[in-house]
Amino acid sequence: MKVCRFLAGDNAVRVGWVDEDETIADLTPAGISTLSNVLESPDPIGLLKAIDRKPLPRHRLADVVLRAPIERQEVWAAGVTYLRSKTARMEESDFSATAYDRVYDADRPEIFFKALAEKVVPTGEAVGIRRDARWSVPEPELALVISSKGTIVGCTIGNDMSSRDIEGENLLYLPQAKVYDRSCALGPWINLGVTEADARDWTVRSTIVRGGAAVFSGETRLGNIKRRFDELAAYLCRSQSFPYGAVLLTGTGIVPPDDFTLHEHDVVQIEIAPIGVLRNSVVTV
Ligand code: DO4
Ligand code: MG
């Protein structure tokens with residue numbers, strides 16, 4: 001079951017149920033006006049199943065504008081959860097190599113703050129590359145949607161945009177490499193009730209298009225993530241409460257070659273087939 005935030009004719013943000021036939025049922029007449037109404041329910045799937053969709057207004061996906069599937073949640077990100085991410089980062093920086101090597105094997109994962117909800121970019125809008133960075137990449141990641149009780153209630157696709165030269169220069173620069181305008185995209189919507197066992201069979205595919213041609217393609221299986229999803233969520237929620245819930249990016253296993261950097265006007269496409277596609281052009285910020 002997929003739920004989204006969308007704008008229809010009157011420019012009000014509504015919550016919709018996305019059907020397999022690519023239409024959206026507007027949940028407003030059913031009393032659901034926020035995503036939190038669903039995500040914070042004791043039984044999100046049961047809540048939706050109890051709704052009679054027949055009388056609800058319907059829109060074709062092509063006729064609406066999707067907003068990022070987030071309201072007031074903080075966005076956090078786990079790092080170095082794939083062997084590919086560890087080796088890429090160890091090559092990027094002699095200075096920080098030991099830290100990446102150690103965190104990959106440590107009990108405690110790397111988890112860092114990524115974005116406030118209002119700064120998250122939806123599918124169809126531009127993600128940013130910093131004007132003071134020379135080496136910028138997308139990080140295609142599964143994003144876990146976590147309720148205020150710390151329960152994983154759904155998932156979506158995330159892009160943890162990163163400035164690798166800034167991160168590689170000094171580990172203490174990580175917040176500047178990771179947190180800046182348009183550095184986080186989420187979407188297109190949230191899949192509810194996915195089990196970790198199912199998701200581990202899914203493939204993440206990423207393509208970067210420049211001037212109409214693909215300049216990078218890569219893929220990985222979510223089963224390559226070293227840590228369990230509930231382990232990551234539990235670490236995030238240790239000694240920290242999230243009254244509006246949280247979104248946790250689970251790390252990247254797709255790393256373009258070291259001579260690749262994003263350019264303005266590139267288009268980054270990330271697909272996890274059972275969820276959908278997150279597509280963003282690139283702008284310098
Ligand atoms: O410390 C580096 C960040 C790691 C990261 O974002 C990832 O592995 O996805
Ligand atoms: Mg990342």
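Everything numeric here is computed off the predicted structure, so don't read it as measured data. Every number for a ligand or one of its atoms is a count from 1 in the order of the listing.
Protein heavy atom in closest approach to atom 2 (C) of ligand 1: Arg89 NE, 3.3 Å. With hydrogens left out, the protein atom closest to atom 8 (O) of ligand 1 is Ser85 OG, 2.6 Å, a heavy atom. Nearest protein neighbour of atom 1 (O) of ligand 1, counting heavy atoms only, is Glu110 OE2, 2.7 Å.
Contact atoms of ligand 1 toward Val80: 4 (C), 7 (C), 8 (O) (distance under 4.0 Å to a heavy atom of the residue). Those atoms of ligand 1 with a heavy atom of Lys178 less than 4.0 angstrom away are 3 (C), 5 (C), 6 (O). Those atoms of ligand 1 with a heavy atom of Gly251 less than 4.0 angstrom away are 9 (O). Near Gly79, meaning under 4.0 Å from any of its heavy atoms, are these atoms of ligand 1: 4 (C), 5 (C), 7 (C), 8 (O).
Comment: Glu139 engages Lys178 in a salt bridge, judged by a side-chain N to carboxylate O separation of less than 4.0 angstrom. For Glu110 and Arg102, the salt-bridge test fails: no basic side-chain N is under 4.0 Å from an acidic carboxylate O.
Here Tyr100 has side-chain heavy atoms under 4.0 Å from ligand 1, and that is the only part of it that gets that close. At a heavy-atom distance under 4.0 Å, only side-chain atoms of Leu174, from C-beta outward, approach ligand 1. When non-hydrogen atoms are compared, ligand 1 lies under 4.0 Å from neither the backbone nor the side chain of Leu249.
Side-chain N/O atoms of Ser163 and Arg130 include no donor and acceptor closer than 3.5 Å. Between the side chains of Ser36 and Glu71, a donor-acceptor pair is found at a separation under 3.5 Å. Counted by atom type alone, Asp101 and Thr98 present zero donor-acceptor pairs between their side chains at under 3.5 Å. For the 3.5 Å distance criterion, the side chains of Arg58 and Thr23 qualify, holding a donor opposite an acceptor. No hydrogens or angles considered: nothing links the side chains of Glu167 and Ser162 as a donor-acceptor pair under 3.5 Å. A donor atom on one side chain and an acceptor atom on the other are not found under 3.5 Å apart for Asp43 and Ser41.
By the 4.0 Å heavy-atom criterion, Glu141 is counted among the residues contacting ligand 1.
Of the N or O atoms in Phe112, none lie within a sub-3.5 Å distance of an N or O in ligand 1. Here's the thing with Asp160: one of its N/O atoms is less than 3.5 angstrom from an N/O atom of ligand 1.
Asp19 pairs with exactly one of Lys2, Arg53, Arg60 by the salt bridge (charged side-chain N to carboxylate O under 4.0 Å, His left out) rule, that one being Arg53.
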- Message: side chain to side chain donor-acceptor pair (under 3.5 Å), that's the test. Do Arg89 and Ser93 meet it? Break it down for me.
- Response: CA-CA 6 Å; Arg89 291 197 152 83; Ser93 167; over 6 Å; no

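Heavy atoms only, all atoms of each residue included: Glu40 and Ser148 are closest at OE1-OG, 2.5 Å. Closest non-hydrogen pair, Cys184 versus Val75, comes out as SG-CG1, 4.0 Å.
Any protein N/O/S atom under 2.8 Å from the Mg ion (ligand 2) was counted, giving 3 altogether.
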